[in-house]
Undergrad: 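To start, I am sharing the structure in question, which I have written as structure tokens.
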Amino acid sequence: MPELPEVETVVRGLRAPLVGRTFTTAKVLWPKTVKPLTPAEFESRLPSQKVTAITRRAKYLQFQLSAGDTMFIHLKMSGNLLVEPTDSPVHKHVRAIMGLDNGHQLRFKDTRKFGRIYLTDDPHSVIGKLGPEPLPDSFTVDDFKALFAKRRGRLKPLLLNQQFIAGIGNIYADESCFIAQIDPRRQADTLSETELTRLYQAIRQALNHGIVHKGASLDAVYLGGEFQNHFQAYGRTGQPCFTCGTEISRIVLGGRSTHFCSRCQQ
DNA sequence: CTAAAATCCTGGTGGC
DNA sequence: TGCCACCAGGATTTTA
């Protein structure tokens, strides 16, 4: 359940139960979950550290800890974080358990085992190479245009490149291109000033919409609700474009499924 | 330099 | 019901 809006929603939901709490135990059930530490190192280093703040950088959750460490969690494709009573049943896909000082546990559940938990005193080693966050007002349209200077390659893979711009995933890349009415196959250095301005606004609109909507109904999203109704391109292969009625196309671009309207998006 | 393919993993889905 | 190919919201590494 990745992408910036989901991660932001998870962060907001974890602050109340976790900020101010102290970790008392740690158990790694799938060894590769932790980096760069071994499970034994992680299990001895986390306990006694208190959570002082939880923030987000790109698709990473960032836990500020009292001993000066930072714990980053990347959910990748299927990760999720649960706060559950210590005596409650542990789901089979839980990969790490972090005990709290109030009878609860933070449990990292991740079916596909791609997710990672980093514990380090050097945040730069984890998030140092990430591109800019697209949502703060300090990130201007001029900043966005500057990113495209002397960049080659097609547009969509560039939007997915976290070192180029941080936080955009496959869904919001497709949605942003649709909103901006730009073909995701375009060479990045052929976009006009007008198109770049549209794309900048589209990215922020799509991401903000995702945050607002998920904040309101996170449960409905993952219980199989009407979430997909909010997408205009992603996952709508063969269905009519809401703008012109043309069937939405699906192609593979940069190894990722890509959905777009061949008529609206030029 | 771009770019495609392989890799890490499990589970759901749709075709036969 | 079984079997199988294919698909999945990420990101890095390898290969061309």
Side-chain angles (χ1 to χ4, degrees), chain A residues 1-11 28-36 56-61 72-81 91-96 108-118 125-131 134 147-178 184-191 203 206-207 209-211 213-214 218 220-225 227-238 248 250-260:
Chain A
M1 45 179 292
E3 297 219 42
L4 188 156
E6 278 96 343
V7 178
E8 179 65 29
T9 302
V10 172
V11 164
V28 178
L29 304 177
W30 177 255
K32 287 184 175 179
T33 300
V34 289
K35 286 180 70 176
R56 179 192 57 75
R57 174 71 172 105
K59 302 172 193 172
Y60 292 86
L61 293 98
F72 292 99
I73 299 181
H74 198 304
L75 303 172
K76 288 291 180 87
M77 300 285 262
S78 59
N80 199 359
L81 287 163
H91 189 279
K92 63 185 285 194
H93 294 149
V94 169
R95 311 303 181 190
F108 179 60
K109 178 181 167 187
D110 182 23
T111 303
R112 291 176 69 183
K113 299 179 176 174
F114 290 167
R116 295 292 181 264
I117 302 177
Y118 304 80
S125 67
V126 179
I127 59 171
K129 291 183 177 176
L130 290 170
L147 294 179
F148 282 78
K150 70 185 170 75
R151 288 304 293 246
R152 298 203 152 266
R154 285 178 296 192
L155 175 59
K156 174 152 173 186
L158 205 52
L159 293 178
L160 293 178
N161 181 347
Q162 302 300 298
Q163 296 182 38
F164 178 73
I165 188 168
I168 301 173
N170 205 35
I171 292 177
Y172 292 96
D174 282 1
E175 292 301 298
S176 298
C177 288
F178 180 91
R185 299 169 293 188
R186 286 275 297 281
Q187 289 294 131
D189 59 355
T190 67
L191 297 193
I203 288 168
L207 292 174
H209 183 265
I211 291 173
H213 187 70
K214 285 172 190 171
L218 186 64
V221 171
Y222 296 106
L223 292 176
F227 181 49
Q228 58 272 27
N229 295 344
H230 296 278
F231 298 136
Q232 300 188 77
Y234 180 82
R236 298 197 65 248
T237 310
I248 297 294
R250 178 187 180 277
I251 61 172
V252 175
L253 195 51
R256 310 301 303 280
S257 67
T258 298
H259 314 74
F260 66 102

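Throughout, a chain's letter reflects where its sequence line sits, starting with A, and its residues are numbered from 1.
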Undergrad: Which part of the nucleic acid, if any, lies within reach of Arg116(A) when heavy atoms closer than 4.0 Å are counted: base, sugar-phosphate only, or nothing?
TA: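 No contact.
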Undergrad: Nearest whole angstrom, please: distance from the P of dG9(C) to the NE2 of His209(A).
TA: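 After rounding, the reported distance stands at 20 Å.
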Undergrad: Within less than 4.0 Å of OP1 or OP2 of dA8(C), is there a side-chain N or O belonging to Thr111(A)?
TA: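 Thr111(A) to dA8(C) OP1/OP2: no side-chain N or O under 4.0 Å.
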Undergrad: Is Tyr172(A) near enough to dG9(C) that one of its side-chain N or O atoms lies under 4.0 angstrom from OP1 or OP2?
TA: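 For dG9(C), OP1/OP2 do not have a side-chain N/O of Tyr172(A) under 4.0 Å.
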Undergrad: Report yes or no: is there a donor-acceptor pair, N or O only, under 3.5 Å between the side chain of Gln162(A) and the base of dG10(C)?
TA: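 Looking at the base of dG10(C), it does not pair with any donor or acceptor on the side chain of Gln162(A) (distance under 3.5 Å).
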Undergrad: Would you indicate what Lys129(A) reaches in the nucleic acid, counting non-hydrogen atoms under 4.0 angstrom: base, sugar-phosphate, or nothing?
TA: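 Lys129(A): no heavy atom of the nucleic acid under 4.0 Å.
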Undergrad: Relative to each other, are the rings of His213(A) and His230(A) parallel, tilted or perpendicular (30° and 60° limits)?
TA: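 The arrangement is tilted - the two ring planes meet at 30° to 60°.
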Undergrad: Between dC6(C) and dA5(B), how far apart are the P atoms? Round to whole Å, please.
TA: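 The same atom, P, in both gives a distance of 14 Å.
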Undergrad: Take atom P in dG9(C) and the same atom in dT13(B), then report the distance between them in whole Å.
TA: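 Going atom to atom, P in each nucleotide, I get 16 Å.
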Undergrad: If dA3(B) has a Watson-Crick or G-U wobble mate with both distances under 3.5 Å, name it; if not, just say none.
TA: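 For dA3(B), the partner nucleotide comes out as dT15(C), under the 3.5 Å rule.
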Undergrad: Nearest-Å distance, CG (Leu160(A)) to P (dA11(C))?
TA: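 It is 8 Å, rounded to the nearest whole Å.
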Undergrad: Return the pairing partner of dA8(C) with a 3.5 Å limit on both distances, Watson-Crick or G-U wobble; otherwise return none.
TA: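 Pairing partner, where one exists within any strand: dT10(B).
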Undergrad: With a 4.0 Å cut-off on heavy atoms, is Gly169(A) in touch with a base, just the backbone sugar-phosphate, or nothing at all?
TA: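 Counting heavy atoms under 4.0 Å across all strands, the contact made by Gly169(A) is with sugar-phosphate only.
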Undergrad: Measure CG/Leu130(A) against P/dT12(C) and give the value in whole Å, please.
TA: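 Rounded to whole Å, this separation is 8 Å.
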Undergrad: Can you tell me how far P in dT14(C) sits from the matching atom in dC9(B), rounded to whole Å?
TA: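 Taking atom P in both dT14(C) and dC9(B), they lie 16 Å apart.
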Undergrad: Looking only at non-hydrogen atoms, find the nearest pair between Ile165(A) and Pro134(A) and report the distance.
TA: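 Between these two residues, the closest heavy atoms are CD1-CB, 3.8 Å.
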Undergrad: Taking only N and O in the side chain of Arg256(A), is any of them less than 4.0 Å away from OP1 or OP2 of dG10(C)?
TA: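 It does, given that an N or O in the side chain of Arg256(A) lies less than 4.0 Å from OP1 or OP2 of dG10(C).
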Undergrad: Between dC7(C), dG9(C), dA11(C), which nucleotide gets closest to the side-chain atoms of His74(A)?
TA: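 Of all the options, the side chain of His74(A) is nearest to dA11(C).
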Undergrad: Please find the pair of heavy atoms, one from Glu3(A) and one from Gly169(A), that lie closest to each other, and give the distance.
TA: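 Looking at all heavy atoms of both residues, the shortest contact is OE1-N, 3.0 Å.
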Undergrad: Atom NZ of Lys76(A) to atom P of dG10(C): distance rounded to whole Å?
TA: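 Answer to the nearest Å: 10 Å.
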Undergrad: Just wondering, do Phe114(A) and dG10(C) stack (centres under 5.5 Å, planes under 30°)?
TA: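 According to the criterion (under 5.5 Å, under 30°), yes, Phe114(A) stacks.
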Undergrad: So what does Glu175(A) touch, heavy atoms closer than 4.0 Å: a base, only the sugar-phosphate, or nothing?
TA: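 Contact class for Glu175(A): none.
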Undergrad: Of all nucleotides in DNA chain B that come within under 4.0 Å of a heavy atom of chain A, which is furthest toward the 5' end and which toward the 3' end?
TA: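 First and last nucleotides in contact are dT2(B) to dG11(B).
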Undergrad: In whole angstrom, what separates Asp110(A)'s CG from dA11(C)'s P?
TA: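 That distance rounds to 13 Å.
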Undergrad: Where does the angle between the aromatic ring planes of Phe164(A) and Phe148(A) fall among parallel (under 30°), tilted (30 to 60°) and perpendicular (over 60°)?
TA: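 The arrangement is perpendicular - the two ring planes meet at more than 60°.
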Undergrad: Separation of Phe231(A) atom CZ from dG9(C) atom C1', in whole Å?
TA: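 That distance rounds to 8 Å.
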Undergrad: If you round to the nearest 0.5 Å, how far is OG of Ser257(A) from OH of Tyr234(A)?
TA: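 Atom-to-atom, Tyr234(A):OH and Ser257(A):OG are 5.0 Å apart.
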